[in-house]
Amino acid sequence: MLTVSYIRENTALVKERLTKRGFGQMDKIDEAISLDDTRKVTQNELDQLLAENNKASKEIGALFKQGKRDEATEIQQKVAANKETIKGLQATMDNTKNALNEVLYLIPNVPHESVPAGQTDEDNEVFKTGYETLPELDANASLPHWELAKKYDIIDFETGVKITGAGFPLFKGKGAQLKRALINFFLYEASEAGYLEVMPPHLVNEKSAFGTGQLPDKEGQMYHTRQPKGDDGAFVDDFYLIPTAEVPVTNIYRDEIVNEADFPIRMCGHTPCFRREVGSYGKDVRGLNRVHQFDKVEIVQIAHPDKSYDTLHEMLAHVEGLLNKLELPYRILTLCGGDLGFTSALTYDFEVYSAAQKKWLEVSSVSNFETFQANRLKLRFRNSDGKMQLAHTLNGSALALARIVACLLENHQTPDGIRMPEALKAYTRFEMID
RNA sequence: GGAGAAAUGGCAGAGUGGUCGAAUGCACUGGUCUUGAAAACCAGCGUACCGCAAGGUACCGGGGGUUCGAAUCCCUCUUUCUCCGCCA
């Protein structure tokens, strides 16, 4: 979330930039400031009364020691009177703070100045293309991946439905091996690029889900595991299945003060990702296009605020390198204000052209969150002036598995089978799926 | 799942009702000394908020309570450790 002080100091800018997103609750900005005003005034009064009582308590102690009971009792009465007022002010304080937080939770991140205006994904701008001409498939080899999956018996959607339900595909034989090879390939490339490999938990607690901003914004999109404990409304095992490794990996640094010299902090990890995908029925859901569980290697960086946009472009280059090695035609889009995620300041999406489906599939999303996550995470560093400052967090998929598999199958199919790109052969240990 | 113990600053660890935001040691930062380093010595060293400032307030796992006054007493929750049981 944004800090109130940032909103105070940049009110006009915040409003102008949020307009780009089509943010419809602009009154929340002024509401936040006015709640913060109330908070300040209240704290001022409250602190004064508390100071009075603290002082009085010390006097009472001293008077008791001297045996001056009457004088002590007199002051006691004054303290008691203050206590009532204090209670009231404290309640006002708590309510105001809560109300302020509720308002701040509703305000999305301020888009970077380079974010194009626009409402939907149709307004996204092509930032770069990674191909010369879009591939055209041989008439004898132009099947969509769900048919290739059946033809070579490598992905079994029906059995996935039997075991769990729709959107939980079963990978078999070379299909399973291809996935494992891709994961290894991505992790190896990330390690080579200086990312520390981590294997985080796949379930996270509420604090972690809050830290990276999945809560309260995306409550309904995550699988939730809690069990009732007794009859009093309490729960045990209250966890969320991670929708991305971003959540556990970024939360490694929740409530941490890092050394400025340690920037940038680079981490990568492979995890399955679980998404309920509520509200996306019927659209682009065939085969691997949209599933409830998929694998992903995520890269995460924690960067100095002055350097985070360099970092973002470094991450972009890393993802490009992967796609080039996989010999896939891609393009990079700058997401417009309306399509930008709630927590992001600037996001680039990578799309790979799926030749058989004749459409672009999103395979990676690389974002700079600036201080939006760091503020909730309380992820800070001491700057060269000796002051505490929020760090910048960034992350990107490098890469998301299910759709990459779909693109590989479709783009590299030949009448003789599906050929593996050169860079991947060392990992798959086979050259063709046939 | 059963029994017991514990939770204090970056770490270790004292503190059982007022003079405690908290001893001491280590770590860290600056300085003295040294050709340099080490050692020794001196000084500094939590976070957030309010305030132009002086200064003030809050925080000793979380929440609540007792008291004029709580790190310290009471209740409750959570977590960790040890032992037993179960188990990939």
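Here the structure is a predicted model, which means the values were calculated and not measured. Numbers restart at 1 for each chain; the letters A, B, ... are given by sequence-line order, proteins then strands.
RNA chain B lies under 4.0 Å from at least one heavy atom of each of the following residues of residues 76-89 of chain A: A/Gln76, A/Val79, A/Lys83.
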Identify all pairs in which a protein N or O lies below 3.5 Å from an N or O of nucleotides 48-53 of chain B, and state each distance.
residue, atom, partner, partner atom, Å
B/A48, OP1, A/Arg380, NH1, 3.2
B/C49, O3', A/Arg39, NH2, 2.3
B/C49, O2', A/Arg39, NH2, 3.3
B/C49, O2', A/Gln43, OE1, 2.2
B/C49, O2', A/Gln43, NE2, 3.0
B/C49, O2, A/Gln43, NE2, 3.0
B/C50, OP1, A/Arg39, NH2, 2.8
B/C50, O4', A/Gln43, NE2, 3.4
B/C50, O2', A/Asn44, OD1, 3.3
B/C50, O2', A/Asn44, ND2, 3.1

Dump the pairs, protein N or O against N or O of nucleotides 72-80 of chain B, anything under 3.5 Å, distances to one decimal.
residue, atom, partner, partner atom, Å
B/U78, OP1, A/Lys229, NZ, 3.0

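One interatomic measurement links the two molecules: CG of A/Asp255 to C1' of B/G46, which rounds to 14 Å at whole-angstrom precision. Nucleotide B/G44 holds its C1' atom 13 Å from the CZ atom of A/Arg382, rounded to whole Å. One can place CG of A/Asn259 at 10 Å from P of B/U29, the figure rounded to the nearest angstrom. For the pair A/Lys58 NZ and B/G17 P, the computed distance is 18 Å after rounding to whole Å. For the pair A/Phe64 CZ and B/U19 P, the computed distance is 16 Å after rounding to whole Å. Here the C1' atom of nucleotide B/G61 and the CG atom of A/Asn205 are 15 Å apart, to the nearest Å. At whole-Å resolution of the value, CD in A/Glu45 and P in B/A58 are 16 Å apart.
For the OP1/OP2 pair of B/U57 and a distance below 4.0 Å, the side-chain nitrogens and oxygens of A/Asn54 include at least one atom meeting the criterion.
The shortest distance between side-chain heavy atoms of A/Ile418 and A/Leu408 does not fall below 4.5 Å.
For B/C52, there is no paired nucleotide, since no Watson-Crick or G-U wobble pair has both relevant distances below 3.5 Å. Pairing for B/C11 goes to B/G25, judged as Watson-Crick or G-U wobble with the two contacts each under 3.5 Å. Pair assignment for B/A70 gives none, since no Watson-Crick or G-U wobble pairing has each distance under 3.5 Å. Shown here, B/G4 forms a base pair with B/C81; the pair counts as Watson-Crick or G-U wobble because both key distances fall under 3.5 Å. Pairing of B/U19, defined by two Watson-Crick or G-U wobble distances under 3.5 Å, is not identified with any nucleotide. Here B/C45 sits opposite no nucleotide as a Watson-Crick or G-U wobble pair (both hydrogen-bonding atom distances under 3.5 Å).
If you check the side chains of A/Asn205 and A/Ser208, you find a donor sitting under 3.5 Å from an acceptor. A/Gln373 and A/Glu246 share a donor-acceptor pair across their side chains, judged by distance under 3.5 Å alone. Using modelled atom types and a 3.5 Å distance limit, the side chains of A/Asp237 and A/Gln227 yield no donor-acceptor pair. Remark: the A/Lys296 side chain and the A/Thr244 side chain contain an N/O donor-acceptor pair separated by less than 3.5 Å. Side chain to side chain, A/Asn109 and A/Ser344 fail the donor-acceptor criterion of an N or O pair below 3.5 Å.
Nucleotides B/G51 and B/C41 are separated by 44 Å at their P atoms, to the nearest Å. Comparing B/A70 with B/G63, their P atoms sit 15 Å apart, to the nearest whole Å. To the nearest whole angstrom, the two P atoms, one in B/G36 and one in B/C81, are 49 Å apart. Across B/A38 and B/U29, the matching P atoms stand 11 Å from one another, rounded to whole Å. Comparing the same atom, P, in B/G9 and in B/A22 gives a spacing of 15 Å after rounding to whole Å. With both ends at atom C1', the span from B/U80 to B/G62 equals 15 Å, rounded to whole Å. One P atom belongs to B/G31, the other to B/G64, and the distance between them is 46 Å to the nearest Å. Nucleotides B/A37 and B/C73, compared at atom P, are 50 Å apart to the nearest Å.
Nearest-nucleotide assignment on RNA chain B puts the 5′-proximal partner with A/Gly61, out of A/Leu50 and A/Gly61. Each of A/Asp94 and A/Asn53 was assigned the nucleotide of RNA chain B with the nearest heavy atom; the assignment lying further toward the 5' end belongs to A/Asp94.
To the nearest 0.5 Å, atom CZ of residue A/Phe171 and atom CD of residue A/Gln177 are 13.0 Å apart.
The aromatic rings of A/Tyr223 and A/Phe274 lie perpendicular to each other, with more than 60° between the two planes, well past the 30° mark. Ring orientation note: the planes of A/Tyr188 and A/Tyr427 are tilted relative to one another, at an angle of 30° to 60°. Classification of the A/Phe210-A/Tyr105 ring pair by plane angle, with boundaries at 30° and 60°, yields tilted.
Aromatic pair A/Phe239/A/His224: centroids not less than 6.0 angstrom apart. Within the 6.0 Å centre-distance limit, the rings of A/His313 and A/Tyr348 are counted as a close aromatic pair. For A/His392 and A/Tyr309, the distance between ring centers is not under 6.0 angstrom.
For A/Glu260, the CD atom is densely surrounded, since the number of other residues' heavy atoms within 6.0 Å is greater than 12.
Nucleic acid contact class of A/Ala56 (heavy atoms, under 4.0 Å, all strands): none.
Distance from the side chain of A/Ile257 is smallest to B/U47 among B/G18, B/U47, B/U57.
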